[in-house]
Amino acid sequence: MAETKYIFVTGGVVSSLGKGIVAASLGKLLQTRGYKVTIQKFDPYINIDPGTLNPYEHGECYVTEDGRETDLDLGHYERFLNIPTSKAHNITTGRIYQNVINKERKGDFLGKTVQVVPHITDEIKRNVRYLGKTGKYDFVITEIGGTVGDIESLPYIESIRQLRWELGRNCLVVHLTYVPYIAAAKEVKTKPTQHSVKLLQEQGVQPNVLVLRTEKELSKATCRKVALFCNVEEDAVIQSYDVPSIYEVPVVLANQEMDTIVLQKLGIQTDSQPDLTRWKIFLENMKTATQSVKIGLVGKYVELPDAYKSISESLLQAATYHHRKLDLRLIHSEKINEKNVEQLLSDLDGILIAPGFGQRGIEGKFTALKYAREHNKPTFGVCLGMQCMVIEFARNVLGLHEANSTEMDSITPYKVIDLMEEQKNLTVMGGSMRLGAYDCKLDKGSKAYAAYQSDCVRERHRHRYEFNNEYRPAFEAKGMQCTGINPDTGLVEVVEIPELKWYLGTQFHPEYNSTVVKPNPLFMSFIEAAIN
Ligand code: GLN
């Protein structure tokens, strides 16, 4: 396409409506018509990136190949579009201000007063258009985090207002709102949507397309009413009712021809149709699977499923490819002890020990791992989960009872997991972990090699601690092998106990690299072992 088209996705009424899923689904429909699509997210908070945020704030921190800690919606973009995102795909208010302030210190503003309009909005607009200017994309979809009406979203909405003038027909705004069902009155209510659109209009932006999130399907009359009150064409009022899986949303939107409407409004004439054949096969497998595979996910944020979003999606994808329903049991690591471990874990087909930071819940992970190892349960340790595998093995097999990671116990006599050398003198916590994709050489004959069918893989990282190579001979002599190594630094990336059915830990995070059309090989192999 000659010119890049910019689609904005804003949200109103309440948060957590699934703007990311709607953005990713629309992106998918355009992509399957043959267009080059990318999706970026702008988050209105002041943190430079979500790397320093607790998962209780915004859920999982997702990591891009090029090593940026980002919002979890980027995970959805990758899982739907099957193309990597990058540093440029997630921008926060903190970063916008930091860039502007750096320019001010350099004297770039030539004596001018630096203001929200035009300086902050200019910086937002520059970042919005950055990916488009690479010439690689027909469509750049920009999701604006937060809810219209928040003080912190104002500069973003103002930037969209300005961009509509600058981009003319190449710009479109999709607004996602909520239509609640009031059980007592047996009625759906459109007023919150009307108010939310009014707010947008007051800020100078008229949405072109509305997506109404609702629990139940809405009548034509309801959509007509919304169209009338909100100044939007009737066919541009799309509904996104609750469906059993987020992966059905592209189909729901396609059935209402959302992509056709978007293309028409952007003045694009085309005979193409979205080709969801592969996607629908995946959905069909998900629906027709009758047997389930029971996986226990052991972590300390189980009351908050978004904290392990990429892991649960990777498990679901792999289970679906194996024609199984995923029966995912979230098990609180703080609640596992010697007495209840049997009851909690015995009927599981496989156990995944989650990544994480800090001491809380760590002993429960060791207890779970001892049980899993001694009962030969397929077990997958990811990042901290892998480090816990190492510590448990040191304590209970090598007899180093006080073995630990120096993250949990800085004066342990057996530092089997220790701070990486380059981390030792760091004073800044933000963006300073070992982040992003690095090479890993796999031993031929290992389970990891069998899964990937390759002896060199690249997976993403987010950690400060590593396996202490001094202990490698002791571990290998007793049966825990280091089967994946970073070829440049010697850092241990994968450990396995070959004698067991499937007992494997990775320092990297394979869950960041698993998509609907390309499930991650390690998750595939883990689920396969769990089924057998
Ligand atoms: N806390 C561990 C480290 O920093 C593991 C991190 C993780 O699980 N992402 O090395």
Side-chain angles (χ1 to χ4, degrees), residues 49-65 67-70 72 75 297-302 304 306-312 314 333 351-366 368-369 379-392 394 403-410 412 415-438 440 459-469 471 482 484 486 489 491-495 504-514 520 522:
D49 62 46
T52 52
L53 289 172
N54 185 310
Y56 287 112
E57 299 289 311
H58 297 277
E60 165 187 286
C61 174
Y62 187 76
V63 180
T64 59
E65 271 180 6
R68 178 62 51 81
E69 294 167 292
T70 70
L72 60 72
L297 170 57
V298 177
K300 63 178 168 180
Y301 296 112
V302 291
L304 183 86
D306 269 1
Y308 303 116
K309 196 77 203 160
S310 293
I311 289 180
S312 55
S314 302
S333 53
I351 299 167
L352 193 146
I353 309 291
F357 296 83
Q359 171 68 31
R360 185 165 72 89
I362 203 89
E363 292 300 327
K365 288 186 172 173
F366 299 142
L369 282 166
T379 306
F380 196 175
V382 176
C383 204
L384 179 65
M386 168 266 195
Q387 297 175 354
C388 289
M389 281 178 156
V390 168
I391 298 165
E392 189 280 322
N404 215 330
S405 161
T406 49
E407 179 179 4
M408 318 305 161
D409 175 5
S410 58
T412 166
K415 304 175 179 185
V416 290
I417 302 291
D418 200 3
L419 195 59
M420 282 181 280
E421 206 46 50
E422 69 264 27
Q423 291 282 328
K424 289 190 175 151
N425 297 317
L426 280 183
T427 48
V428 174
M429 298 313 280
S432 60
M433 283 189 238
R434 178 171 178 254
L435 293 167
Y438 289 94
C440 168
E459 293 282 9
R460 305 178 206 181
H461 298 76
R462 181 173 187 245
H463 66 119
R464 295 188 199 279
Y465 294 81
E466 64 175 330
F467 181 94
N468 182 346
N469 267 312
Y471 287 93
C482 302
N486 177 290
T489 62
L491 181 139
V492 174
E493 293 280 9
V494 186
V495 299
L504 188 152
T506 59
Q507 186 57 75
F508 53 72
H509 290 262
E511 73 274 21
Y512 292 144
N513 197 6
S514 187
N520 181 276
L522 280 181

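Each ligand, and each atom within it, is numbered from 1 in the order the structure gives. In this text, all values refer to a predicted model and were calculated from it rather than measured experimentally.
At the top of the distance list for atom 2 (C) of ligand 1, counting protein heavy atoms only, stands E407 OE1, 3.2 Å. The protein heavy-atom contact nearest to atom 10 (O) of ligand 1 is Y465 N, 2.8 Å. Ranking protein heavy atoms by distance to atom 9 (N) of ligand 1, first place goes to R462 O, 2.9 Å. Of all protein heavy atoms, the one lying nearest to atom 7 (C) of ligand 1 is C383 SG, 2.9 Å. Protein heavy atom closest to atom 4 (O) of ligand 1, with residue, atom name and distance, is R464 N, 3.0 Å.
Near F357, with a cut-off below 4.0 Å to any heavy atom, the atoms of ligand 1 are 1 (N), 4 (O), 6 (C), 7 (C), 9 (N). Against a heavy-atom cut-off of under 4.0 Å, H463 is close to the following atoms of ligand 1: 3 (C), 4 (O), 10 (O). Close approach of ligand 1 to H509 is summarised as follows: ligand atoms under 4.0 Å from at least one heavy atom of the residue are 9 (N). When each atom of ligand 1 is checked for a heavy atom of L384 under 4.0 Å away, the hits are 5 (C), 7 (C), 8 (O).
Side-chain contact between Q507 and L491 is present, with at least one heavy-atom pair separated by less than 4.5 Å. Proximity of T406 to T412: side-chain heavy atoms (C-beta onward) are separated by under 4.5 Å at one or more points. Proximity of F467 to M389: side-chain heavy atoms (C-beta onward) are nowhere separated by under 4.5 Å. Contact annotation: the side chain of E459 never approaches that of L522 to less than 4.5 Å [non-hydrogen atoms, C-beta and beyond]. Residues Y465 and M408 fail the side-chain proximity criterion, which asks for heavy atoms closer than 4.5 Å. Between T489 and E421 the shortest side-chain heavy-atom distance does not fall below 4.5 Å. The shortest side-chain heavy-atom distance between Y301 and N54 falls under the 4.5 Å cut-off.
Heavy atoms of Q507 come nearer than 4.0 angstrom to ligand 1 in no pair at all. The shell of residues lying under 4.0 angstrom from ligand 1, judged by heavy atoms, excludes M420.
Contacts with ligand 1 closer than 4.0 Å are made by side-chain heavy atoms of Q387 only, the backbone lying farther away. Using a 4.0 Å cut-off between heavy atoms, M433 makes no contact with ligand 1 at all.
In this model, a donor atom of one side chain and an acceptor atom of the other lie less than 3.5 Å apart for R464 and S432.
Taking only non-hydrogen atoms, the option from P355, C61, G356 nearest to atom 6 (C) of ligand 1 is G356.
A side-chain donor-acceptor contact under 3.5 Å links K365 to the backbone of A354.
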